[in-house]
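Notes for the one structure printed next.
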Amino acid sequence: MSERFDLLLRGGHVVTPWGVEAADVGVREGRIVTLGNLRHAEAAETVDCGGLHVLPGLIDPHVHLRDPGDPAVESIETGTKAAVLGGLTAVFDMPNTAKSVVSRDILDEKRAFLQGRAWCDVGLYVGASKKNIADLAELERQPNVCAIKVFAGSSTGDLLVEDDASLEAVMRSGHRRICYHSEDEYRLQERKPMFTVGMPHRNHMVWRDVETALLGTKRLMAIARKTGRPAHILHVSTAEELAYLRDFRDVCTVEVLLNHLTQTDEAYDRLGGYAVMNPPIRDQRHLDAAWAAVNDGTVDCIGSDHAPHSREAKERPWPNTAAGLTGVQTLVPLMLDHVTSGRLSISRLVDLMCAGPARVYGALNKGRLAAGYDADFTLVDLKRQRMIRNDWLATPAGWTPFDGTVCTGWPVGTIVRGQVVMRDDEVLGTPVGKPVAFADTLRA
Ligand code: DOR
């Protein structure tokens with residue numbers, strides 16, 4: 001008798017942890033059952049993957065979905081719809097929402113709120129503040145928490161833990177890897193008076209300069225070594241930090257953003273406020289260093305730092321311009337374009353966007369196309385050429401700094417735990433997203 005599956009992916013180039021293979025994939029009850037030649041198998045639903053790459057579901061570990069907040073800019077529903085249209089099966093959502101996620105009550109509320117609204121799976125960050133340091137050990141063990149997030153330099157929202165004594169207290173509360181926004185707050189404040197309203201946007205990278213980022217990272221690494229507490233430095237943006245962090249692999253993992261691999265300072269002249277983000281877009285030297293760090297293995301994860309703001313907020317004169325760029329829907333197309341232009345292999349992309357987040361955050365059942373794991377897949381056509389356009393975005397803010405960019409390589413299908421939620425640009429079914437489970441937490 002032939003084997004029967006709920007879902008069968010036929011004839012794709014399957015990207016496994018051990019290489020790219022021509023294989024079929026059989027799925028039952030939302031899990032991968034087997035890979036190989038399943039020519040004689042039957043299935044309730046079959047997807048023809050001829051000519052496509054079948055990737056384990058790609059994960060964006062760094063998004064700001066703004067819910068609760070301003071639904072005219074973004075919500076859980078629109079942000080996760082954008083994610084699946086862009087080929088992502090899970091996102092990890094940052095805590096600096098209108099009501100910051102800093103307590104168990106707010107976390108529980110947010111977890112419940114995802115139900116029936118999320119199109120992809122969602123991991124939840126908890127924010128550290130000077131008021132909740134004593135609670136962090138308990139908070140990081142709550143179900144579905146991907147990590148504690150510390151803003152050691154100020155950005156959007158009011159979360160901030162900037163001094164060494166408080167940072168050390170944070171690192172001594174709990175055990176899991178902590179994620180940091182690393183810019184030295186004292187240097188940021190000291191340099192602010194050098195600038196006045198209405199100055200050109202490129203001053204953003206002059207104010208938030210290389211030294212601001214490097215100093216922040218050196219201070220964090222000193223305390224991480226002293227306390228032995230694992231760290232993950234988010235959006236590392238300078239050549240100097242990347243070189244420095246190579247000596248801290250015992251305590252530190254590294255994220256680089258798509259923007260810092262794709263954009264340079266010419267963007268300020270072309271896009272004005274639509275190039276402003278923290279840490280800033282910098283010059284070619286830093287972009288080259290980011291690619292060298294991708295290719296020598298320094299980088300563990302790639303994120304979008306999707307941070308939508310209204311056009312009004314982006315068009316305020318600098319430095320009052322809101323910092324942050326949309327990116328959750330454009331991350332995969334742009335990374336695939338980097339693959340087809342030869343900057344990284346498809347296997348390294350999967351390492352950065354699947355195995356990386358699973359390893360750094362301890363995501364369970366995700367990040368690996370292998371029997372027993374969640375049946376999350378991103379179907380990719382590496383030959384498809386398409387232009388990114390503002391009107392493609394599901395995010396109500398409705399703009400991307402990459403409007404007009406042509407990508408070779410495009411996500412054509414998104415499958416979340418065996419459910420096809422996107423095929424050829426069409427969102428299908430209902431919002432099936434669930435909170436992601438992590439190691440070292442209590443289970444929901
Ligand atoms: O540019 C940024 N925007 N960087 C951050 O760290 C926060 C984000 C936001 O939430 O707007």
Side-chain angles (χ1 to χ4, degrees), residues 60-70 72-76 79 82 91-102 110 124-129 147-162 178-185 188 201-205 207-209 212-213 216-217 220 232-238 241 255-260 262-263 265 267-268 271-282 301 303-316 318-328 330-331 395-397 399-401:
D60 183 348
H62 194 155
V63 303
H64 300 262
L65 295 187
R66 310 288 189 221
D67 212 347
D70 184 356
V73 169
E74 188 73 286
S75 65
I76 292 287
V91 297
F92 299 170
D93 191 27
M94 286 291 174
N96 59 328
T97 28
K99 191 158 57 168
S100 293
V101 182
V102 288
K110 185 155 177 179
L124 299 170
Y125 285 92
V126 168
S129 82
I148 300 294
K149 163 77 180 277
V150 177
F151 283 89
S154 51
S155 193
T156 303
D158 55 10
L159 291 174
L160 182 64
V161 182
E162 76 279 36
I178 299 177
C179 293
Y180 296 96
H181 179 115
S182 171
E183 289 183 284
D184 184 85
E185 181 65 12
L188 280 181
H201 292 93
R202 66 166 46 245
N203 282 290
H204 199 63
M205 70 171 191
W207 172 35
R208 303 181 91 108
D209 67 352
T212 299
T217 293
L220 288 170
H232 183 54
I233 305 290
L234 298 161
H235 43 44
V236 177
S237 63
T238 67
E241 287 168 282
E255 176 193 77
V256 164
L257 300 183
L258 175 278
N259 306 74
H260 295 126
T262 311
Q263 295 176 287
D265 54 336
Y268 294 108
L271 299 170
Y274 295 96
V276 170
M277 62 182 292
N278 302 328
I281 291 165
R282 306 188 193 274
C301 297
S304 72
D305 198 356
H306 176 72
H309 293 278
S310 69
R311 285 185 182 272
E312 181 277 317
K314 293 304 283 178
E315 287 169 14
R316 284 179 212 144
W318 190 85
N320 301 329
T321 319
L325 304 176
T326 63
V328 72
T330 48
L331 173 64
T395 296
W399 56 267
T400 158

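By convention here, the first residue in the shown sequence is residue 1. When a ligand or atom number is given, it counts from 1 through the structure's own listing order.
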Give me the atom names and distance for the closest heavy-atom approach of [X] to [Y].
{"X": "H235", "Y": "E255", "value": "N-OE1, 2.9 Å"}
{"X": "Y125", "Y": "K149", "value": "CD2-CB, 3.9 Å"}
{"X": "V276", "Y": "L325", "value": "O-CD2, 3.8 Å"}
{"X": "A323", "Y": "T156", "value": "O-OG1, 3.4 Å"}
{"X": "H309", "Y": "G324", "value": "CD2-O, 3.7 Å"}

Ordered by chain then number, the protein residues lying under 4.0 Å from ligand 1 by heavy atom are H64, R66, N96, F151, S155, T156, H181, M277, N278, D305, A307, H309, A323, G324
Original post:
Which word best sums up how the rings of H62 and H64 line up, parallel for under 30°, tilted for 30 to 60°, or perpendicular for over 60°?
Top reply: tilted
